[in-house]
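Lettering follows sequence order; numbering is per chain, from 1.
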2 protein chains.
Amino acid sequence: MSILFSRQCEYALQAVLYLALKPQNEMTSIRELTKRIDIPYHFVAKILQDLTRKGFLVSHKGPAGGFGLAVPAKDITILQIVEAIDGLSLINSCVLGFPNCTHDDHCAVHDQWEIIRERIHHMLASKNILEMADDNKKPQYSLTI
Amino acid sequence: MSILFSRQCEYALQAVLYLALKPQNEMTSIRELTKRIDIPYHFVAKILQDLTRKGFLVSHKGPAGGFGLAVPAKDITILQIVEAIDGLSLINSCVLGFPNCTHDDHCAVHDQWEIIRERIHHMLASKNILEMADDNKKPQYSLTI
DNA sequence: ATATATTCAGAGTATTTAGTCTGATTATTA
DNA sequence: TAATAATCAGACTAAATACTCTGAATATAT
């Protein structure tokens, strides 16, 4: 599991990244997804349903149905997915978990974390899913077997 | 909860930080700790026992007993505590959670995360517990009521 | 129309993490 | 030596997260 996100969020990212490699109008079945990426079938199904409700994906039932991106891959960032699944409150709260760590009266690594937090934010927001998919040279995401 | 650590680890940090403000030979009871810091009694007891076994603390039973630092506060870093409780594997693995993210064949934010990882490591390793305790001006850690 | 391949929905189970309870042990003090 | 104040240990419960199952709904192709 990742240190920053829940497993659900990871799976969401991996799935969306996979979909980004396909023509936007083409539907991808859960079955195909789970063959390429190692995610439990029914679990990813629920996650994709969720992403569909939240407007990132579209779904079609029936044969040749499946899921696809609702908007072009270049218009989606990792940050948006993370925000939709996990929320951002954890990233924005005290890194040591101190309850009353505020701007005025803060923990010992507050300033250092502020900088790191900014970088993390930038890392998640700077690249869109399309650029990311292009960066992923890994076989598991390539469309040809 | 913190984004980087488990709750156990947080509590460990808070407790150790509190102990660092006391003379090293003075024992602090769990009761006192839980009065100053909002941590469940029996839970923190287990954590302190664990830290004792791992050599960070000493404990004494009986009246006027309790826990204290086994080594001077200036010789303990946050990183050491984190390593002892949570381990460092999460920090060192792929931030997007991709299973086969390696040096050669990596995820889209690998390089960016490398830099952030370094900063996090530095943040946790650069200050010892004594400096940290001094930085904490928060009333909850002060010794006077 | 019927068979089929898919999503949809919600309840159910499993695992991990967090937190609690109780009784024993130990050391101090009076 | 007896009362007391503390840790120690381990079993227990609760909550959150991860994951599974089943049956329905729906759309397509033949």
Side-chain angles (χ1 to χ4, degrees), chain A residues 1-15 19 22 25-35 37-70 82 85-87 89-90 97 99, chain B residues 1-15 19 22 25-35 37-70 82 85-87 89-90 97 99:
Chain A
M1 190 168 99
S2 159
I3 194 164
L4 296 183
F5 320 125
S6 70
R7 198 161 279 176
Q8 243 191 64
C9 190
E10 270 176 44
Y11 290 166
L13 288 172
Q14 297 186 23
L19 296 182
K22 292 226 169 170
N25 55 351
E26 192 173 316
M27 292 289 112
T28 305
S29 71
I30 299 174
R31 177 182 301 271
E32 178 186 337
L33 256 177
T34 55
K35 264 184 193 152
I37 313 180
D38 190 30
I39 309 184
Y41 186 95
H42 292 285
F43 196 33
V44 79
K46 306 203 77 165
I47 296 169
L48 295 189
Q49 282 160 29
D50 192 29
L51 287 175
T52 304
R53 266 181 245 111
K54 285 170 177 161
F56 292 101
L57 305 180
V58 290
S59 71
H60 288 303
K61 289 183 178 182
F67 295 86
L69 296 184
V82 172
I85 303 287
D86 281 349
S89 64
L90 268 189
Chain B
M1 190 168 102
S2 159
I3 193 163
L4 296 183
F5 321 123
S6 69
R7 198 161 280 178
Q8 243 191 65
C9 190
E10 271 176 44
Y11 290 166
L13 287 172
Q14 296 187 24
L19 296 181
K22 293 228 171 169
N25 54 351
E26 192 173 316
M27 292 288 114
T28 303
S29 71
I30 299 174
R31 177 183 302 269
E32 178 186 336
L33 256 176
T34 56
K35 266 186 194 155
I37 313 181
D38 191 29
I39 309 183
Y41 186 95
H42 292 285
F43 196 32
V44 79
K46 302 199 80 162
I47 296 169
L48 295 190
Q49 280 161 28
D50 192 27
L51 287 175
T52 304
R53 264 180 247 114
K54 285 169 178 160
F56 292 100
L57 305 181
V58 291
S59 70
H60 287 302
K61 290 184 179 180
F67 294 88
L69 296 182
V82 172
I85 303 286
D86 281 349
S89 63
L90 268 189

Opening and closing nucleotides of DNA chain C in contact with chain B, under 4.0 Å to non-hydrogen atoms: C:dA18 to C:dT28
Return the CG to CD1 distance between A:D50 and A:I85, rounded to the nearest 0.5 Å. 5.0 Å
Atom-to-atom span, CD1 of A:I30 to P of D:dT20 - whole angstrom: 13 Å
Within less than 4.0 Å of OP1 or OP2 of D:dA5, is there a side-chain N or O belonging to B:R31? no
So do A:L33 and A:Q14 actually touch side chain to side chain, heavy atoms under 4.5 Å? no
Out of curiosity, B:I3 CD1 to A:D86 CG, how far, rounded to the nearest 0.5 Å? 8.0 Å
Can you list, by residue number, the residues of residues 56-68 of chain B that have a non-hydrogen atom closer than 4.0 angstrom to DNA chain D? B:S59, B:H60, B:K61, B:G62, B:P63, B:G66, B:F67
Does B:L48 or A:V44 map to a spot on DNA chain D nearer the 5' end, using the closest nucleotide for each? B:L48
Do any pairs count as a ring-ring contact (aromatic ring centres under 6.0 Å, His included) and have a residue in residues 38-66 of chain B, sequence neighbours left out, and if so which ones? B:Y11-B:F43
Please state how far atom CD in A:E10 lies from atom P in D:dT17, giving the value in whole angstrom units. 14 Å
Look at A:Y11 and D:dC19 and indicate whether a side-chain polar atom (N or O) is within less than 4.0 Å of OP1 or OP2. yes
Which heavy-atom pair separates B:L48 from B:A15 by the least distance, and what is that distance? CD2-CB, 3.9 Å
Table of protein N/O atoms under 3.5 Å from nucleotides 9-16 of chain D N/O atoms:
unit_1: D:dA11; atom_1: N6; unit_2: B:K46; atom_2: NZ; d: 3.1

So how far is it from A:F5 CZ to A:L13 CG, rounded to the nearest 0.5 Å? 6.0 Å
Calculate, to the nearest 0.5 Å, the distance between atoms OG and CG belonging to B:S6 and B:L90 respectively. 10.0 Å
Can you name the closest pair of heavy atoms from B:G97 and A:S2 and give their distance? N-CB, 4.0 Å
Students should find that the end-to-end axis angle of the helix from C:dA1-D:dT30 to C:dA30-D:dT1, with five pairs defining each axis and rounding to 10 degrees, is 0°
By nearest-nucleotide position on DNA chain D, the 5'-leaning member of A:M1 and B:Y41 is B:Y41
Does A:S59 have any side chain to side chain contact (heavy atoms under 4.5 Å, CB included) partners at least two apart in sequence or in another chain, and if so, which? A:T52, A:F67
Here the gap from B:L19 atom CG to B:E32 atom CD, rounded to the nearest 0.5 Å, amounts to 9.0 Å
Hey, what do you get for CZ (A:R7) to CD1 (A:I39), rounding to the nearest 0.5 Å? 11.0 Å
B:K35 atom NZ, neighbour heavy-atom count above 12 within 6.0 Å: no
Of all heavy-atom pairs between A:A70 and A:G55, which one has the smallest distance, and what is that distance? CB-O, 3.3 Å
Whole angstrom is fine here: how far is it from CD in A:Q14 over to P in D:dA18? 13 Å
